[in-house]
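Values in this document were obtained by computation on a predicted structure and should not be read as measured data. All values below were derived from every heavy atom in this structure, side-chain atoms included, with hydrogens, water molecules and symmetry-related copies excluded.
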Amino acid sequence: QVQLVESGGGLVQPGGSLRLSCVASGNINSIHRMGWYRQAPGKQRESVATITSGDSTDYTDSVKGRFTISRDGAKNTVYLQMNSLKPEDTAVYFCLFVISDFSWRPSIYWGQGTQVTVSS
């Protein structure tokens, strides 16, 4: 019923920047929370940044000051602007939406993942 499509990953040198985008489409009434998570090889998936419908944001300590999460409500899109990238940021990045349909039933949806590689 809901699809999330991610884009923006790629290969970048340390210190470089990337912007990830995630667009949701389908049976959407209300988006309660959006976020970005990442998973590096051999590691657990971790929360990177989240944003609520009221634009409250939260970041993991390792990215605070470098990454910015934002949203465009009209486009059902969440962004992650990543600056000053470090090799340890290398991971597959997944977007997450908490969405209610028109019966006000909330569900969690994940994007397909996009690879971010930071290497010289």
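You'll find the side chain of Thr50 stays beyond 4.5 Å of the side chain of Thr52, heavy atoms only. Contact of the Val98 side chain with the Leu96 side chain is registered, since non-hydrogen atoms from C-beta on lie closer than 4.5 Å. When side chains are defined from C-beta on, Ser70 does not count as touching Gln81, because their heavy atoms never get closer than 4.5 Å. Counting heavy atoms from C-beta outward, Asp89 and Arg66 have side chains that approach closer than 4.5 Å. Side-chain contact between Phe94 and Cys22: absent, with no pair of heavy atoms (C-beta onward) separated by less than 4.5 Å.
Of all heavy-atom pairs spanning Ser21 and Tyr79, the tightest one is OG-CD2, 3.3 Å. In this structure, Val5 and Gln112 approach most closely via the heavy-atom pair CA-OE1, 3.7 Å. Considering all non-hydrogen atoms of both residues, Val116 and Gly9 come closest at CG2-CA, 4.2 Å. Between Leu85 and Met82, the shortest heavy-atom distance links the atoms CD2-CB, 3.8 Å. The two residues Phe97 and Val78 make their nearest non-hydrogen contact at CE1-CG1, 3.4 Å. Nearest heavy atoms, Gln115 versus Val92: OE1-CG2, 3.3 Å.
Here Phe102 contributes atom CZ and Asn27 contributes atom CG; the two are 6.0 Å apart, rounded to the nearest 0.5 Å.
With sequence neighbours left out, the side chain to side chain contact (heavy atoms under 4.5 Å, CB included) criterion links Asp61 to no other residue. Listed by chain and residue number, Asp101, Arg105 satisfy the side chain to side chain contact (heavy atoms under 4.5 Å, CB included) test with Ser103 (two or more places apart in sequence, or in another chain). For the side chain to side chain contact (heavy atoms under 4.5 Å, CB included) test, no residue two or more places apart in sequence or in another chain qualifies with Ser53.
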Arg71 and Asp55: CA distance, side-chain angles, deciding distance, side chain to side chain contact (heavy atoms under 4.5 Å, CB included) verdict: CA-CA 8 Å; Arg71 68 181 184 92; Asp55 288 326; 2.6 Å; yes

CA sep, side-chain torsions, deciding dist, call: Val63, Arg38, side chain to side chain contact (heavy atoms under 4.5 Å, CB included): CA-CA 12 Å; Val63 309; Arg38 66 186 180 188; 3.9 Å; yes

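A donor-acceptor pair under 3.5 Å is formed between the side chain of Thr90 and the backbone N or O of Val118. Judged purely by atom type and a 3.5 angstrom limit, Glu6 has no side-chain atom pairing as donor or acceptor with the backbone of Leu20. The main-chain N or O of Ile69 is found under 3.5 Å from a side-chain atom of Tyr59 such that the two form a donor-acceptor pair.
Aromatic ring pairs are classed by plane angle as parallel below 30°, tilted from 30° to 60° and perpendicular above 60°; the pair Tyr37 and Trp110 is perpendicular.
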